[in-house]
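Just so you know, these numbers use all the heavy atoms, side chains as well, and skip hydrogens, waters and symmetry mates.
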Amino acid sequence: MATSGSGLAHPVSLDLHAPLRVARWRPLVHWLLAIPQVLVVYVLGIALWVLTFVAFFAILFTANIPRGMFDFMVMVHRYQWRVSSYIMWMRESYPPFELVDTAVDPGDDPAVLSIVYPERLSRLLPFVKWLLAIPHIVVLFVLGVGALVVWVAGFFAVLVTGRWPQGLRDYMVGVTRWQTRVQAYAYLLTDRYPPFSLR
């Protein structure tokens, strides 16, 4: 099994532990098989927005997010990663319809995501996190264009060889890791500023 390692000690860790070998037919049908999962992701995404709004006021008054709310918000991000890794045919196993609300990944799926629960959050940062995230958004836009090219190359690589090239898949996981760290920062789950890094 190949692993795309994260390398840095950051409160947000995202990884993929799945073989590079993927059946050649999978890129043709994963998007169709994932439709029920996408509907779940959509509903969870709405809940995440609502909880982020509530978390803003919780942080403002208590300098923290209630643990149960935090765990649920992390679970939504994890679920999104599991589904997107499947849609991008970076893994063969179908993501489970499972809502385990814990900040630490239970390790029962190849796509893993954990966020360390902060003991205390800044009461002032929620007002400017969206502004501080702008440089990352600009860089991620450029990296996203590269990811689109890599995704198309991965499509043909899997279709012809039945295998993701290691470097291409590492890039896709790295961009997703970077994006997830920025999202966790913008969604108020951490005060640690995301590094400008794919690792």
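Residues Val38 and Leu28 share a single hydrophobic cluster, defined by chaining ILVMFWY side chains whose heavy atoms lie under 4.5 Å apart. The same ILVMFWY cluster, assembled from side-chain heavy atoms under 4.5 Å apart, contains both Val139 and Tyr185. Phe156 and Leu148 end up in the same hydrophobic cluster when Ile, Leu, Val, Met, Phe, Trp and Tyr side chains are linked at under 4.5 Å. Follow the hydrophobic side-chain contacts under 4.5 Å out from Val76 and you never reach Val116; the two are in separate clusters. Leu168 is not connected to Val149 by any chain of hydrophobic side-chain contacts under 4.5 Å among Ile, Leu, Val, Met, Phe, Trp and Tyr, and they are in different clusters.
Applying the salt bridge (charged side-chain N to carboxylate O under 4.0 Å, His left out) test to Arg67 and every residue at least two apart in sequence or in another chain returns Asp71. Applying the side-chain contact (heavy atoms from CB on, under 4.5 Å) test to Trp25 and every residue at least two apart in sequence or in another chain returns Ala23, Val29. For Ala47, the side-chain contact (heavy atoms from CB on, under 4.5 Å) partners two or more places apart in sequence, or in a different chain, are Phe72. The salt bridge (charged side-chain N to carboxylate O under 4.0 Å, His left out) check on Asp101 picks up nothing, with sequence neighbours excluded.
Atom CZ of Phe53 has 12 or fewer heavy atoms from other residues, nucleotides or ligands within 6.0 Å. Residue-environment remark: CZ (Phe141) stays at or below the threshold of 12 foreign heavy atoms within 6.0 Å. Counting heavy-atom neighbours within 6.0 Å of Phe97 CZ, excluding the residue itself, gives a total above 12.
How far CG of Leu20 is from CG of Asp170: 8.0 Å, rounded to the nearest 0.5 Å. Put simply, CZ on Arg26 and CG on Leu33 are 8.0 Å apart, with the number rounded to the nearest 0.5 Å. The OG atom of Ser13 sits 7.5 Å away from atom CZ of Arg181, with the distance rounded to the nearest 0.5 Å. We find the CG-CD distance between Leu48 and Gln80 to be 6.5 Å, quoted to the nearest 0.5 Å. Between the CG atom in Asp15 and the OG atom in Ser114 there is a gap of 10.0 Å [rounded to 0.5 Å]. Taken from NE2 in His10 to OG1 in Thr180, the straight-line distance is 11.0 Å, to the nearest 0.5 Å.
Between the side chain of Arg169 and the backbone N or O of Trp164, no donor-acceptor pair lies under 3.5 Å. With Tyr117 contributing its side chain and Ile65 its backbone, the two residues share a donor-acceptor pair below 3.5 Å. Panel note: side chain Tyr187, backbone Val74; no donor-acceptor pair is recorded below 3.5 Å.
You'll find the side chain of Trp89 reaches within 4.5 Å of the side chain of Trp151, heavy atoms only. In this structure, the side chains of Leu16 and Met90 come closer than 4.5 Å at one or more pairs of heavy atoms. Here the side chains of Val173 and Leu14 are in contact, with some heavy-atom distance below 4.5 Å. With a 4.5 Å cut-off on side-chain heavy atoms, Leu198 and Arg177 do not count as touching. Phe70 is not listed as a side-chain neighbour of Asn64, based on a closest heavy-atom distance of 4.5 Å or more. At a threshold of 4.5 Å between non-hydrogen side-chain atoms, the residues Val40 and Leu44 count as touching.
One side chain, Gln37 or Tyr79, offers a donor N or O that lies under 3.5 Å from an acceptor on the other.
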* To do: List the steps, then state whether side-chain contact (heavy atoms from CB on, under 4.5 Å) holds for Leu189 with Met73.
  => CA-CA 8 Å; Leu189 296 173; Met73 293 169 77; 3.8 Å; yes

* In sequence, state the C-alpha distance, the side-chain angles, and the governing distance for Arg78 and Asp109, and then conclude on salt bridge (charged side-chain N to carboxylate O under 4.0 Å, His left out). => CA-CA 10 Å; Arg78 182 181 305 120; Asp109 191 83; over 6 Å; no

* Go through the steps to decide whether Arg82 and Asp105 satisfy the test salt bridge (charged side-chain N to carboxylate O under 4.0 Å, His left out), and finish with yes or no. => CA-CA 11 Å; Arg82 289 178 175 186; Asp105 195 293; 3.8 Å; yes

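In this structure, Arg91 and His30 approach most closely via the heavy-atom pair O-CE1, 3.2 Å. Taking all atoms of both residues into account, the shortest heavy-atom contact from Ala34 to Ile87 is CB-CG1, 3.5 Å.
When each of Ser85, Ser93, Pro95 is tested with Pro110 by the rule side chain to side chain contact (heavy atoms under 4.5 Å, CB included), just one qualifies, namely Ser93.
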Without placing hydrogens or testing angles, list every side-chain donor-acceptor pair under 3.5 Å for residues 130-137, not counting sequence neighbours.
| from | atom 1 | to | atom 2 | distance (Å) |
| --- | --- | --- | --- | --- |
| Trp130 | NE1 | Phe127 | O | 3.0 |
| His136 | ND1 | Trp178 | NE1 | 2.8 |
| His136 | NE2 | Pro194 | O | 3.0 |

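Note: Phe57 and Phe61 have parallel aromatic rings, judged against thresholds of 30 and 60 degrees for the angle between ring planes.
Identified under the salt bridge (charged side-chain N to carboxylate O under 4.0 Å, His left out) test for residues 123-146, with sequence neighbours left out: Lys129-Asp191.
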